[in-house]
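Below: one structure, written as structure tokens.
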Amino acid sequence: MRERFGLASPATRSEPPMSSPRITPRAQDYSRWYQDVIAEADLVDASPVRGCMVIKPHGYAIWEAIRDDLDARFKATGHVNAYFPLFIPQSFLSKEAEHVEGFAKECAVVTHHRLKATPEGVIPDPDARLEEPLVVRPTSETIIWHMYGRWISSWRDLPILINQWANVVRWEMRTRPFLRTAEFLWQEGHTAHASSEEAQEETRRMLDVYRDFSEQILALPVVRGVKSASERFAGAIDTYTIEGMMQNGWALQCGTSHFLGQNFAKAFEVTFQNKEGQLEHVWATSWGVSTRLVGAVIMAHSDDDGLVLPPKVAPIQVVIVPIYKAETRQTVIDYCERIAASLRPGIRVRIDDRENLKPGAKYFEWERKGVPFRLEVGPRDVEAGTAMVKSRLGGDKGSLTVDEGLGAVVQGMLDAFQQALYDRALAARTERTVEVDSYEALKARLESDAAWFLVPWADDAENEAFIKTDCKATIRCFPLEGQEQAQGRTCFYSGRPATHMAIFARAY
RNA sequence: CGGGGUAUAGCGCAGCCUGGUAGCGCGUCUGCUUCGGGAGCAGAAGGCCGUAGGUUCGAAUCCUGCUACCCCGACCA
């Protein structure tokens with residue numbers, strides 16, 4: 001029986017490939033590869049509740065690295081953290097028409113506040129039904145704008161630049177670890193402004209924060225763009241996105257930033273008195289990234305031997321594996337401790353001194369877990385003042401001199417590793433981003449090999465919907481850069497004058 | 001919600017057709033020997049065979065109901 005998420009150990013599957021008997025090769029079955037990589041790296045475990053996942057320490061540490069870096073970026077751009085409640089009065093969800101439409105189908109609802117013991121086990125106590133049911137937040141716009149209504153009365157109260165780190169629940173039909181789960185962790189920024197211009201500026205600013213973060217920290221090149229009407233956030237005027245390409249050529253929405261106009265201010269009657277003394281509705285933005293980013297990192301960089309992590313989010317950047325016999329053990333371990341001490345605190349290093357595993361087994365384990373560099377240290381190294389080093393990206397083992405310069409050398413290697421991942425991902429994306437001049441050409445290419453299609457497009461929701469049904473490709477975005485190329489061209493699908501340059505792709 | 005499948009040890013599976021003491025691999029535990037690329041030997045622990053009923057002297061095995069999960073389709077950060 002395959003467990004939820006298919007995370008059962010694949011160790012004893014038939015037809016073991018040569019490289020790693022535990023991980024299905026990408027070329028054979030990409031989706032299974034993804035699940036195998038996660039299982040072998042020990043990132044998550046199945047939950048007894050369908051569609052939820054337990055994030056284990058090695059997986060959670062990746063999220064913590066993401067969170068800590070982003071949090072610093074939010075603070076640096078003037079934002080502060082706050083926390084709003086998990087439960088939202090049911091009536092709040094119905095205040096903004098499009099918002100209701102977008103989320104109603106996937107909300108978990110709390111109806112009772114007490115259990116009652118019966119012979120068959122506990123049941124919700126019929127006498128403890130809530131006056132008004134509570135919705136478990138699928139996102140927090142409604143409760144936040146309810147509160148902002150109480151906090152805002154004057155232009156002097158603006159802007160409000162609040163972010164919150166929280167969990168949200170969306171009762172999805174189909175789930176995949178990290179990429180789509182019923183409950184996930186994220187941050188949601190919610191800002192309130194005195195003018196449309198200022199709010200739009202904020203929307204774009206945070207999109208750029210995400211772009212820079214993604215490229216610098218996740219080593220993942222992304223395209224910034226605007227969503228088409230059908231892919232827009234429910235309740236937004238404009239939804240901006242950063243889209244990343246995964247190794248199978250599919251797109252993954254990695255972050256979104258919404259210009260909400262005055263929609264929520266009107267729904268929750270949030271007004272302020274401007275400098276001229278007139279009453280005006282407040283302008284809003286919201287923006288978020290989630291634990292999906294962990295999935296993005298996994299899919300973008302890992303290989304058939306398991307997880308590959310950018311050093312900046314790797315829970316362990318360097319693992320030291322001591323090699324010894326009984327009589328040399330203490331000497332070798334002491335030497336390893338000295339090396340580790342010289343790398344800390346700038347570098348996240350761990351000594352694997354478990355005695356029940358041979359060095360080779362440790363090598364394979366840390367490779368599966370995505371540690372960028374491994375140092376192998378045996379008696380000969382102690383003698384020579386050296387350490388063998390092996391990169392997770394492959395290549396021969398090298399020898400490092402253990403002296404006061406070691407920290408700088410290793411840091412340089414980590415930086416180069418980070419850059420190499422980015423370069424590799426960018427090259428792959430460039431190679432698989434193609435321009436086609438007809439819908440037939442798009443379909444033909446999709447059947448052989450997924451890619452991103454940059455095409456001139458005459459905006460039309462019906463045509464967009466047909467294409468989605470017909471070949472599963474959707475408009476990922478209208479890229480911010482290069483829109484002028486649409487001028488004077490005709491739509492690749494309808495032949496009408498193009499209104500946008502669009503990127504079509506299959507997406508998660 | 002429609003179609004197809006599965007349910008036996010922590011995990012992966014065999015046993016079921018042809019009813020008769022529940023097995024294998026991995027993992028786990030103990031001990032000894034190992035240790036520069038996935039260790040070897042010896043011993044051990046661990047299962048109401050998803051659940052409720054039926055047939056039978058006897059059910060993991062045959063029959064019926066239920067439940068859960070997986071895959072394929074309709075929704076989505």
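All values reported here derive from a predicted model rather than from experimental measurement. Values below: all heavy atoms of this structure, side chains included; hydrogens, waters and symmetry mates excluded. Residue numbers start from 1 in every chain, and the chains themselves are labelled A, B, ... in the order their sequence lines are given, proteins ahead of strands.
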Check your understanding: What's the CD-C1' distance between A:Glu355 and B:rC35, to the nearest Å?
Key -> 11 Å
Practice item. Return the value, rounded to whole Å, for the distance between atom CZ of A:Arg174 and atom P of B:rG73. Key: 6 Å
Point to revise | P atoms of B:rC70 and B:rC13, separation to the nearest Å | key: 14 Å
Review point. Are A:Trp145 and A:Phe92 an aromatic pair by the rule of ring centers under 6.0 Å?
Key: no
Point to revise | Separation of atom CZ in A:Arg32 from atom C1' in B:rC70, rounded to whole Å | key: 12 Å
Review point. Looking at the side chain of A:Phe364, which of B:rG73, B:rG38, B:rC76 is the nearest nucleotide?
Key: B:rG38
Check your understanding: Can you tell which of B:rG37, B:rA77, B:rG73 lies closest to the side chain of A:Glu376?
Key -> B:rG37
Practice item. Please list residues of residues 212-241 of chain A whose heavy atoms come under 4.0 Å from any atom in RNA chain B, ordered by number; otherwise none. Key: none
Point to revise | Touch class at under 4.0 angstrom, heavy-atom based, for A:Arg374 against every strand present | key: base
Point to revise | Closest-nucleotide ordering on RNA chain B, the 5'-leading residue of A:Thr469 and A:Val377 | key: A:Val377
Practice item. Would you indicate what A:Thr256 reaches in the nucleic acid, counting non-hydrogen atoms under 4.0 angstrom: base, sugar-phosphate, or nothing? Key: nothing
Practice item. Measure the distance from NZ on A:Lys472 to P on B:rC75 and round it to the nearest whole Å. Key: 10 Å
**Study point:** Pairing partner of B:rU55 (Watson-Crick or G-U wobble, both distances under 3.5 Å)
**Key:** none
Point to revise | Rounded distance in Å between the C1' positions of B:rC24 and B:rA9 | key: 12 Å
Practice item. Give A:Pro138 one of three labels, base, sugar-phosphate or nothing, depending on what nucleic acid heavy atoms sit under 4.0 Å from its own. Key: nothing
Point to revise | Donor-acceptor pair between A:Arg506 and A:Asn248 side chains, under 3.5 angstrom | key: no
Exercise for review: Quickly work out the A:Lys362 NZ to B:rG38 P distance and round it to whole Å.
Suggested key: 13 Å
Review point. In whole Å, what is the span from the CD atom of A:Glu98 to the P atom of B:rC76?
Key: 13 Å
Point to revise | Identified pairing partner of B:rG50, criterion: Watson-Crick or G-U wobble below 3.5 Å | key: B:rC66
Review point. Is there a donor and acceptor pair closer than 3.5 Å between the side chain of A:Arg170 and the base of B:rC76?
Key: no
Practice item. Indicate, with yes or no, if the rings of A:His79 and A:Trp287 have centres closer together than 6.0 Å. Key: yes
**Study point:** P-based separation of B:rA59 from B:rG27 [nearest Å]
**Key:** 36 Å
Check your understanding: Expressed in angstrom and rounded to an integer, what is the separation of A:Glu183 atom CD from B:rC76 atom C1'?
Key -> 17 Å
Check your understanding: Taking atom P in both B:rG37 and B:rG73, what distance in whole Å separates the two?
Key -> 46 Å
Exercise for review: Would you indicate which nucleotide in B:rC70, B:rC76, B:rG36 comes nearest to any side-chain atom of A:Lys468?
Suggested key: B:rC76
Check your understanding: Which comes earlier along RNA chain B counting from the 5' end, the contact point of A:Thr291 or that of A:Pro322, where each point is its nearest nucleotide?
Key -> A:Pro322
Check your understanding: Of the nucleotides B:rG38, B:rC76, B:rC69, which one has an atom closest to the side chain of A:Arg50?
Key -> B:rC69
Check your understanding: Expressed as a whole number of Å, how far does the C1' atom of B:rU55 sit from that of B:rC69?
Key -> 29 Å
Practice item. Can you tell me, in whole Å, how much space there is between the C1' of B:rU6 and that of B:rC16? Key: 15 Å
Review point. Across all strands shown, which nucleotide pairs with B:rG73 by Watson-Crick or G-U wobble geometry, both distances under 3.5 Å?
Key: B:rC1
**Study point:** Complementary nucleotide for B:rG38 - Watson-Crick or wobble, under 3.5 Å
**Key:** none
Review point. Given B:rG38, B:rG36, B:rA77, which nucleotide is nearest the side-chain atoms of A:Met388?
Key: B:rG36
Point to revise | Donor-acceptor side-chain pairing of A:Thr474 and A:Arg476 below 3.5 angstrom | key: yes
**Study point:** Check against side chain to side chain contact (heavy atoms under 4.5 Å, CB included), A:Ile320 and A:Val377
**Key:** CA-CA 7 Å; A:Ile320 302 176; A:Val377 175; 4.0 Å; yes
Check your understanding: C1' atom, B:rU34 versus B:rG23: distance in rounded Å?
Key -> 31 Å
Exercise for review: Return the residues of residues 324-338 of chain A meeting this criterion: a heavy atom under 4.0 Å from some atom of RNA chain B. Order them by number, or give none.
Suggested key: A:Tyr324, A:Lys325
Practice item. Provide the distance between the two C1' atoms, one in B:rC11 and one in B:rG46, to the nearest whole Å. Key: 13 Å
**Study point:** Rounded distance [0.5 Å steps], CD in A:Glu40 versus CG in A:Leu43
**Key:** 10.5 Å
Exercise for review: May I ask you to test the A:Phe417-A:Gln317 pair for a side-chain heavy-atom distance under 4.5 Å?
Suggested key: no
**Study point:** No-hydrogen, no-angle side-chain donor-acceptor test under 3.5 Å, A:Thr191 and A:Thr285
**Key:** yes
Check your understanding: Are a donor atom and an acceptor atom from the side chains of A:Arg67 and A:Gln187 found within less than 3.5 Å of each other?
Key -> no
**Study point:** Rounded distance [0.5 Å steps], CD1 in A:Ile144 versus CZ in A:Phe84
**Key:** 4.5 Å
**Study point:** Under 3.5 Å on both distances, the Watson-Crick or G-U partner of B:rA44
**Key:** B:rU28
Check your understanding: So, A:Ser228 versus A:Glu464: side-chain donor-acceptor pair below 3.5 Å or not?
Key -> yes
Review point. To the side chain of A:Lys358, which of B:rG37, B:rA39, B:rC76 is closest?
Key: B:rA39
**Study point:** Nucleotide of B:rC69, B:rA39, B:rG37 approaching A:Glu367 most closely (side-chain heavy atoms)
**Key:** B:rG37
Revision key, fill the gap. Against the side chain of A:Thr181, the closest entry in B:rG36, B:rA77, B:rA39 is B:rA77
Exercise for review: Evaluate the side-chain proximity of A:Leu252 to A:Arg292: yes if any heavy-atom separation is below 4.5 Å, no if none is.
Suggested key: yes
Study note, to complete from the structure: Taken to the nearest whole Å, CZ/A:Arg476 to P/B:rC76 is 12 Å
Exercise for review: Please confirm whether A:Tyr148 and A:His190 have ring centers closer than 6.0 angstrom.
Suggested key: no
